[in-house]
Enquirer: 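Mind having a look at this structure? Questions to follow.
Both ligands and their constituent atoms are indexed starting at 1 by order of listing.
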Amino acid sequence: MTTVVESRPVKAAVVRAERGAFSIEDATIAAPGGDEVLVRIVAAGMCHTDMVIRDQIYPVPLPIVLGHEGSGIVEAVGERVAGLEPGDHVVLTFDSCGFCRTCQHGVAAACRNFNPLNFAGARNDGSHALSFASGSVNDRFFGQSSFATYAIATARNAIKVRRDAPLELLGPLGCGIQTGAGTVLNALRVSAGSSFAAFGAGAVGLSAVMAARVAGATTIVAVDVVPERLSLALEIGATHVVDGRKEDVVEAIRALAGGGVDYAIESTARADVAAQAVAALGARGTCAIVGASAPGTELVCDINDVMQNGKTIRGVVEGDSVPAFFIPQLIDLHLQGRFPFDRLTRVYAFDAINEAAADSEEGRTIKPIIRMPS
Ligand code: CXF
Ligand code: ZN
């Protein structure tokens with residue numbers, strides 16, 4: 001179905017300087033062409049990776065409109081889009097090409113074109129969806145740039161979801177929550193009766209905890225240094241918590257899990273914590289590394305420990321998810337009361353986006369969601 005629309009006015013939050021604030025500015029957004037979809041953004045989650053780009057830990061060009069956990073309603077579609085139409089509720093996720101070797105194997109999260117599609121700051125041909133009177137601003141972040149009242153996505157990264165779900169809260173399912181839950185359910189395939197530890201009890205780690213409970217793990221340990229996060233972890237599925245400031249984390253986990261856990265997720269992006277996560281594995285255990293650290297950050301571990309105990313260390317992006325399947329599955333689990341991700345969220349008005357960022361970075365809010373003015 002093709003809908004003809006002209007470009008329209010948009011308000012978008014722009015980061016203009018390294019470690020700078022978000023400034024809400026006027027722009028226009030183009031009509032969708034080809035495989036593109038124009039989405040009226042209802043809300044967008046804030047993820048640590050937005051901060052990684054703001055702080056230029058990853059070299060994505062500034063100025064830029066960030067935001068990669070959008071949820072909203074399709075307004076118009078390009079002439080090559082099938083399966084989406086105006087009025088559909090969608091969650092926006094990472095973009096992928098669909099034709100590289102890993103996409104064709106069904107693991108779009110490991111798309112060989114992930115960086116150019118999600119981090120180039122423009123369409124593949126260098127053009128932008130957003131136009132600012134002040135000059136060129138980068139966009140298309142994760143195929144969306146959803147800290148804005150409208151975004152252009154593609155048919156591949158706009159995931160249609162059921163209309164009885166709370167659309168305002170769903171955006172984080174497109175990245176952080178998908179990453180944590182997907183790592184447990186898709187990548188590690190945590191099994192019933194097994195032991196699991198989450199290193200870091202932010203949005204990714206706590207989503208992993210909830211998913212480990214869904215999977216039937218019987219020892220679920222959350223590790224963090226923020227007492228409120230550890231308390232929340234116990235409420236949503238952890239059987240035990242370890243405060244990294246008070247205890248020897250590796251010794252504590254070995255004691256809780258019969259010598260070490262079967263599975264671990266490391267979401268802090270800290271090399272010292274990643275080394276603990278590997279050390280805390282039991283025989284033939286697997287540790288998933290999912291946090292975004294500065295390029296060149298090295299993981300140091302005892303080679304004999306890894307070899308003699310048959311341990312596996314693997315990286316996972318976006319939970320190895322097939323978003324068109326996995327995001328609706330997480331919504332079904334949520335609506336059945338088995339995946340209470342809303343417990344992680346706090347909603348902020350668009351013009352409080354800088355307060356949301358500060359609350360997130362200072363540990364007051366686990367998952368900020370920015371609500372767009374309607
Ligand atoms: C990112 C982490 C860095 C690589 C791309 C995916 N995940 C979530 O924001
Ligand atoms: Zn993210």
Enquirer: Give me the nearest non-hydrogen protein atom to atom 1 (C) of ligand 1 as residue plus atom name, then the distance to 0.1 Å.
Expert: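 Answer for atom 1 (C) of ligand 1: Thr49 OG1, 3.9 Å.
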Enquirer: Run the numbers for me: atoms of ligand 1, each under 4.0 Å from some heavy atom of His68, listed by number.
Expert: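 Going through ligand 1 atom by atom, the ones under 4.0 Å from His68 are 9 (O).
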Enquirer: Which residue holds the protein heavy atom closest to atom 5 (C) of ligand 1, what is that atom called, and what is the gap in Å?
Expert: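 Here the closest protein heavy atom is Phe114 CE2, 3.5 Å.
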Enquirer: Please evaluate residues His334 and Asp342 with respect to the criterion side-chain contact (heavy atoms from CB on, under 4.5 Å), reporting the C-alpha separation (whole Å), side-chain torsions for both, the decisive distance (0.1 Å), and the verdict.
Expert: CA-CA 9 Å; His334 175 65; Asp342 55 306; 3.1 Å; yes
Enquirer: Should Thr239 and Thr218 be marked as a side-chain contact (heavy atoms from CB on, under 4.5 Å) after you check the CA-CA gap, both sets of side-chain angles, and the distance that decides it?
Expert: CA-CA 8 Å; Thr239 57; Thr218 44; over 6 Å; no
Enquirer: Does Asp50 use its side chain to pair, donor to acceptor, with the backbone of Leu66 at less than 3.5 Å?
Expert: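 Between the backbone of Leu66 and the side chain of Asp50 there is no qualifying donor-acceptor contact (under 3.5 Å).
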Enquirer: With a cut-off of 4.0 Å, which atoms of ligand 1 are near a heavy atom of Cys47?
Expert: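 Per the distance check, 9 (O).
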Enquirer: Stepwise, does the side-chain contact (heavy atoms from CB on, under 4.5 Å) test hold for Phe94 with Asn157?
Expert: CA-CA 6 Å; Phe94 63 89; Asn157 76 323; over 6 Å; no
Enquirer: So how far is it from Glu355 CD to Ile370 CD1, rounded to the nearest 0.5 Å?
Expert: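 So the gap between those two atoms works out to 9.5 Å.
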Enquirer: Which residue supplies the protein heavy atom nearest to atom 8 (C) of ligand 1, what is that atom called, and how far is it?
Expert: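 Checked against all protein heavy atoms, atom 8 (C) of ligand 1 sits closest to Cys175 SG, 3.0 Å.
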Enquirer: Any salt bridge between Glu36 and Arg80, counting N to O under 4.0 Å?
Expert: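 Between Arg80 and Glu36 there is no salt bridge, as every charged N stays at least 4.0 Å from the carboxylate O atoms.
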Enquirer: Identify the closest protein heavy atom to atom 3 (C) of ligand 1: which residue and atom is it, and at what distance?
Expert: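 Going by distance alone, atom 3 (C) of ligand 1 is nearest to Tyr58 OH, 3.5 Å.
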Enquirer: What's the verdict on side-chain contact (heavy atoms from CB on, under 4.5 Å) for Leu344 and Ser207, showing C-alpha distance, side-chain angles and the deciding distance?
Expert: CA-CA 9 Å; Leu344 316 184; Ser207 299; 3.9 Å; yes
Enquirer: Return the number of protein N, O or S atoms with a distance to the Zn ion (ligand 2) smaller than 2.8 Å.
Expert: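 Near the Zn ion (ligand 2), the number of protein N, O or S atoms below 2.8 Å is 3.
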Enquirer: For Ala233 and Ala222, which heavy atoms make the closest approach, and how far apart are they?
Expert: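 In terms of heavy atoms, the two residues are closest at CB-CB, 3.6 Å.
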Enquirer: Does Ile24 offer a backbone N or O that forms a donor-acceptor pair with the side chain of Lys11 under 3.5 Å?
Expert: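 No: the side chain of Lys11 does not pair with the backbone of Ile24.
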